[in-house]
Amino acid sequence: MKRIRFGLCCLFISEPIKFKTIRYSYFSKLSKQEQIEKIDKTILWNLDSLEKALLFCRNNGIGCFRITSTFLPLFTHPKIKYDIKDLPHYKEIKTKFSKNKIFSKSNNIRLTLHPDQFTVLSSPKPEVIKNSINNLMYHAYLSNLLDVDVINIHIGGAYGEKKSAIKRFEKNFRILPSDIKDKLTIENDDIIYTPSDLLPLFQKYNIPLVYDVHHHRCNPDEMSINEASVKAYRTWNREPVFHISSAKNDSLQKSHSDYIKTEDFPTIWKKMAPLTVEVEAKSKELAVLDLIKKIY
DNA sequence: AGCGGTCAAGTTGAT
DNA sequence: ATCAACTTGACCGCT
């Protein structure tokens, strides 16, 4: 029987593997030369960290890794414009990108991206839409450097009326470049958009649904977990991605707990492989390994 | 070395 | 009104 592919999200808690970023307030005080060097150094560091992360995943049976959005630091900051071609170690950077890409491919480690909360295609504010599309273009660019096949986002706010917010999302989705559209997926969230709200976007535009079962429990609709799992599964033209997490303190709290409780893992998922399940838990790689042990 | 304040960006609900 | 939560604390400046 085929096994589920489990995914680790961005960070490690126990392994000495860290990704770096740069803060604009500090960056802006540097000279032009120092700025270039700082970006160059940070990207090289992140590429080395990714290499370690992928090695850890391979050695520990973790089949998917989500890459942090700050991998190329400050890339989408409105006051900064840089091209990796202009960096002092461009050749080395390029080589490291392709090394990581080949390693993940040959070891069957899937890579995903999850743009942060500032990416909102349903906003009524043109400035927010502009920034969101810019941010998605960055993620598409990064996804090409590393062969990422999933760029997953939420719909965003409701602004008092879900229906018109979804309409704005659709309008903005339609104008996206196709290399973003081909990888973009949407996820049900814990307060506003349920799987039922999002399935029509698959029917209209073939947008796959990343089914988050914890969010579905916090923010339910008329569908059962089994029904939502099956329907979400069918929205995918590639291996589906689902999310698992456990609530902290047993309550229907939003924040994630350290580990995943066995009873929170839908039993039907075990019969659904091939399937990627990204594990969202504070204890990171320890939680993924713990869950794999519990499930298999 | 350790600690506290701060960080580009959106939106919501709890307090 | 403030703040934590969200895929994630990390980073800088001060002591």
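Basis for what follows: all heavy atoms, side chains included, without hydrogens, waters or symmetry-related copies. Residue numbers begin at 1 in each chain, while the letters A, B, ... track the order of the sequences.
There is no side-chain donor-acceptor pair under 3.5 Å between A:Arg168 and A:Ser122. In this structure, a donor-acceptor pair under 3.5 Å is absent between the side chains of A:Asn46 and A:Ser49. In this model, no donor atom of one side chain and acceptor atom of the other lie less than 3.5 Å apart for A:Asp190 and A:His216. Counting only N and O atoms by type, the side chains of A:Tyr205 and A:Arg174 include a donor and acceptor under 3.5 Å apart. A:Thr119 and A:Asn135 form a side-chain donor-acceptor contact under 3.5 Å, judged by distance and modelled atom types alone. In this model, no donor atom of one side chain and acceptor atom of the other lie less than 3.5 Å apart for A:Thr95 and A:Glu92.
Distance A:His114 NE2 to B:dA9 C1': 16 Å, rounded to the nearest Å. Summarising the geometry, the separation between CD1 on A:Ile192 and C1' on B:dT11 is reported as 7 Å, rounded to the nearest angstrom. Rounded to an integer number of Å, the gap from A:Asn134 CG to B:dG10 P is 14 Å. One interatomic measurement links the two molecules: CG of A:Asp190 to P of B:dG13, which rounds to 10 Å at whole-angstrom precision. Separating the CD1 atom of A:Ile191 from the P atom of C:dA4 is a distance of 17 Å, rounded to the nearest angstrom. Computed from coordinates, the A:Glu127 CD to B:dT11 P distance equals 12 Å when rounded to whole Å. Atom P of nucleotide B:dT12 and atom CG of A:Asn219 are separated by 13 Å, given to the nearest angstrom. Atom CD1 in A:Ile13 sits about 17 Å away from atom P in C:dT7, given to the nearest Å.
Under the 6.0 Å distance and 45° angle rule, A:Arg234 does not count as a cation-pi partner of A:Phe202. Within the cation-pi definition used here (under 6.0 Å to the ring centroid, within 45° of the axis), A:Lys38 does not qualify as a partner of A:Phe27. Stacking of A:Arg3 on the aromatic ring of A:Tyr296 is recorded, both the 6.0 Å distance cut-off and the 45° axial limit being met.
Of the candidates B:dG10, C:dT7, B:dA9, the closest approach to any side-chain atom of A:Glu187 belongs to C:dT7.
When the P atom is compared between C:dC12 and B:dA8, the two are found 11 Å apart, to the nearest whole Å. Spacing between C:dA4 and B:dG5 at atom P, rounded to whole Å, works out to 13 Å. B:dC3 and C:dT7 have their C1' atoms separated by 27 Å, with the value rounded to a whole Å. Between B:dG4 and C:dT8, the distance separating the two P atoms is 24 Å to the nearest Å.
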> So what's the dot-bracket for DNA chain B: Watson-Crick or G-U pairs under 3.5 Å, [ ] if a pair crosses, | if it pairs off-strand?
Replying inline: |||||||..||||||
>> One pair to check against salt bridge (Lys or Arg N to Asp or Glu O under 4.0 Å): A:Lys204 and A:Glu170. What are the steps and the verdict?
In response: CA-CA 9 Å; A:Lys204 284 189 200 167; A:Glu170 291 182 31; 3.3 Å; yes
> Between A:Phe242 and A:Val213, does a side chain to side chain contact (heavy atoms under 4.5 Å, CB included) hold up when you go through it step by step?
Replying inline: CA-CA 8 Å; A:Phe242 289 179; A:Val213 65; over 6 Å; no
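By the 4.5 Å side-chain criterion applied to Ile, Leu, Val, Met, Phe, Trp and Tyr, A:Val241 is assigned to a cluster that also includes A:Val150, A:Val210, A:Trp236.
Remark: A:Thr76, A:His77, A:Pro78 in residues 72-84 of chain A come within less than 4.0 Å of DNA chain B through at least one heavy atom. Of the residues in residues 45-65 of chain A, not one places a heavy atom less than 4.0 Å from an atom of DNA chain B. Heavy-atom distances under 4.0 Å link DNA chain B to A:Gly157, A:Ala158, A:Tyr159 of residues 156-173 of chain A, given in residue order.
Aromatic stacking is not marked for A:Phe118 over B:dG10, as the cut-offs of 5.5 Å for the centres and 30° for the planes do not both hold.
Between A:His215 and C:dC6 there is no side-chain polar atom (N or O) within less than 4.0 angstrom of OP1 or OP2. Residue A:Ser132 places none of its side-chain N or O atoms closer than 4.0 Å to OP1 or OP2 of B:dG10.
In this structure, A:Arg5 pairs ionically with A:Glu239, as a charged nitrogen and a carboxylate oxygen lie closer than 4.0 Å.
Note that CG of A:Leu145 is 7.5 Å distant from NZ of A:Lys101, once rounded to the nearest 0.5 Å.
If you run side-chain contact (heavy atoms from CB on, under 4.5 Å) between A:Tyr193 and each of A:Asn188, A:Ile186, A:Ile166, only A:Ile166 comes through. For the side-chain hydrogen bond (donor to acceptor under 3.5 Å, both in side chains) criterion with A:Asn152, the lone passing option out of A:Lys183, A:Glu187, A:Glu278 is A:Glu187.
Between A:Phe12 and A:Phe56, the ring planes are perpendicular. Angles over 60° get that label, and only those under 30° would be called parallel.
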> Base, backbone or nothing for each nucleotide of nucleotides 8-15 of chain C, written B, S, -, heavy atoms under 4.0 angstrom, 5' to 3'?
Replying inline: SSBBSS--
